[in-house]
2 protein chains.
Amino acid sequence: MTSDLTPARPVEVDRSSPVPLYYQVATRLQELIEKGEIGVGARIENEVDLAERLGVSRPTTRRAIQYLVERGMLVRKRGVGTQVVHPKVRRPVELSSLYDDLIAGAKEPHTTVLDLKVVAADATVAAALNLPIGTEVTWIERLRFAGGEPLALMHNAIPRDVLEVTPADLAERGLYELLRRAGHVPRIATQVIGARSATATEARTLEEKRGASLLTMTRTAWDDRGRALEYGSHLYRASRYSFELNLSAG
Amino acid sequence: MTSDLTPARPVEVDRSSPVPLYYQVATRLQELIEKGEIGVGARIENEVDLAERLGVSRPTTRRAIQYLVERGMLVRKRGVGTQVVHPKVRRPVELSSLYDDLIAGAKEPHTTVLDLKVVAADATVAAALNLPIGTEVTWIERLRFAGGEPLALMHNAIPRDVLEVTPADLAERGLYELLRRAGHVPRIATQVIGARSATATEARTLEEKRGASLLTMTRTAWDDRGRALEYGSHLYRASRYSFELNLSAG
DNA sequence: GTCAATACTTTGTCCTGACAAAGTCTTGAG
DNA sequence: CTCAAGACTTTGTCAGGACAAAGTATTGAC
């Protein structure tokens, strides 16, 4: 019961590759785990043996294992060993763009731009973007459809010096893709999810009954240096939409 | 312009302490940053110099810096250096227990147990907890107050072999604390947030008008080995509550 | 003055070696 | 048989050195 791992062909590393060794090892291990060649709960070889067998140093092996531990695939216990974690427990989507995509992906989504203009930031927008009130921002109003039905009414504000948006761009690409192409990489976002009843106008736009429950989501996205890139205030039909999150405890 | 960091007193390490050196260094750096002694955007000393000045090896220094990079306080760029990130961009709450606490903390929260019984899992609960239908689970119904007003109506299901809950325990400690004390450490949770209108009964319990918008949140928490620890189905008054999230892009 | 080649700085990767700490298993006393 | 002491296994921490790769700044040719 010393080791449960004896792969058919030995894991090998390619020293001439520009891919870091630790990453090669990690990828290899990940494949073995995902293919089920190392059963869930099984212990993998200890660091020292594994390093020797692969012909790399222990720190390199360690780093590879660490990488998978951080991704939630492995668990280490001192004096015990390293075990494969149950797939259910695997790792959180960290969020990237919009949750819509999860659902909408299967429902032929599309988006129409209702409005696009340059306006002076009001108090709410200015506070969210950390700008002086009255700063010019691009204001976008979009209606997102999925499966032929309206799904969400989306409002965005973007500082003009961050990005100049044209309707044509928006029709083609998502807002986040446009940001990235302009060299603005969103690093973190703060998001607030709430709910309220639809007004008559909102209900009409979203094809809901007046007073229907809507999910509200406001978000501000920031780049590396703490610069606000985008503020969004969105309304989702609660009857058609929900947010799904995976959270990991430190 | 080689270094912008010249702390008043040199950072020191205590080699007799059981606290790992890298962690001591990381903590020290974090303090300096949080106190603002290293301005936002400023570069910190390079690894080699820092290591020498502290009398530790470069790998140790590196690990300390890496730790802060992972927590979002620092950004590294090869050939450039390591910079302090804007505080706005700081760290994602990883989730631990309930978001309530953020808001409720200031509003003298308390919780009353409405019901606590052992029942057979129905299809929904069984599916969520990955158990056979009919398995006995503890079913808990609680009403959470903040500022003297009802805030949330909470339902939880817990497999009996995970935890035996008594009303007295629940009155004293949170559900998550009880789980932890029983040796069950929640590792990740999958959560779905939605909205709907209150039924007459729900409205009465939560002191809302009938048809008022409610936030719904269902969650299943899992431990290391993929074992489901808890299923929760909660209703929040949208007029009093919202979920705040910080998300980080990979 | 402009632009490309070069030197320099700083982080990234990798190695060998050593000891410490936390579990687990074995052994032996009672 | 029970239980504690000790041996063993495995991960955790740390050192010191070497070279590679990616930016930045400088220098020099034109």
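Each chain gets a letter, A, B and so on, in the order its sequence line appears, and its residues count up from 1. This is a predicted model, so every value here is computed, not measured.
Within the nucleic acid shown, A/Arg62 comes within 4.0 Å of at least one base atom, counting heavy atoms only.
If you measure from atom OH of A/Tyr23 to atom C1' of C/dC14, you get 18 Å, rounded to the nearest angstrom. Summarising the geometry, the separation between CG on A/Leu74 and P on D/dT11 is reported as 11 Å, rounded to the nearest angstrom. One can place OH of B/Tyr67 at 12 Å from P of D/dT13, the figure rounded to the nearest angstrom. Rounded to whole angstrom, the span from the CD atom of A/Gln83 across to the C1' atom of D/dT9 amounts to 15 Å. The distance between atom CG of A/Asn46 and atom P of C/dT24, rounded to the nearest whole Å, is 16 Å. Rounded to whole angstrom, the span from the CD1 atom of B/Ile44 across to the P atom of C/dT11 amounts to 8 Å. Look at CG on A/Leu54: it is 13 Å from P on C/dT16, rounded to the nearest Å. Rounding to whole angstrom units, CG of residue B/Leu50 and P of C/dT9 are separated by 18 Å.
Nearer the 5' end of DNA chain D, as judged by each residue's closest nucleotide, is the contact made by A/Ile65, out of A/Pro18 and A/Ile65. For the pair A/Arg78 and B/Gln66, both in contact range of DNA chain C, the more 5′-proximal nearest nucleotide belongs to B/Gln66. Annotation: of the two residues near DNA chain C, B/Gly79 and A/Val80, the 5′-most nearest-nucleotide partner is B/Gly79. Both B/Val19 and A/Glu47 lie near DNA chain D, and the one whose nearest nucleotide falls closer to the 5' end is A/Glu47.
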Report all interatomic pairs (protein N or O, nucleotide N or O of nucleotides 15-18 of chain D) with separations under 3.5 Å.
| residue | atom | partner | partner atom | Å |
| --- | --- | --- | --- | --- |
| D/dA15 | OP1 | B/Arg15 | NH2 | 2.6 |
| D/dA15 | OP2 | B/Ser57 | N | 2.9 |
| D/dA15 | OP2 | B/Ser57 | OG | 2.6 |
| D/dA15 | OP2 | B/Thr60 | OG1 | 2.4 |
| D/dA18 | N6 | B/Arg58 | NH1 | 3.4 |

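Of the side-chain N and O atoms in B/Arg76, none sit less than 4.0 angstrom from OP1 or OP2 of C/dT10. Residue B/Arg63 places at least one side-chain N or O under 4.0 Å from the OP1 or OP2 atom of D/dT13. Close to D/dC14, at under 4.0 Å from its OP1 or OP2, lies no side-chain N or O of B/Tyr22.
Residues B/Glu136 and B/Lys117 are not paired through a salt bridge, judged by the lack of any N-O separation under 4.0 Å between the basic side chain and the carboxylate.
Sorted by first and then second residue, the ring pair (Phe, Tyr, Trp, His ring centres under 6.0 Å) pairs with a member in residues 39-67 of chain B read B/Tyr23-B/Tyr67; sequence neighbours excluded.
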Task: B/Gln83 vs B/Arg76, side-chain hydrogen bond (donor to acceptor under 3.5 Å, both in side chains): CA-CA, chis, key distance, verdict - done: CA-CA 6 Å; B/Gln83 285 183 307; B/Arg76 297 211 260 200; over 6 Å; no
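With a 6.0 Å radius and a threshold of 12 heavy atoms from other residues, nucleotides or ligands, B/Glu70 has its CD atom above the threshold.
In summary, of the residues considered (A/Asn156, A/Thr220, A/Thr138), a side-chain hydrogen bond (donor to acceptor under 3.5 Å, both in side chains) with A/Glu230 occurs for A/Asn156 alone.
Shown here are the salt bridge (charged side-chain N to carboxylate O under 4.0 Å, His left out) partners of B/Asp161, two or more places apart in sequence or in another chain: B/Arg227.
For A/Gln24 (side chain) and A/Val19 (main-chain N/O), a donor-acceptor pair under 3.5 Å exists by modelled atom type.
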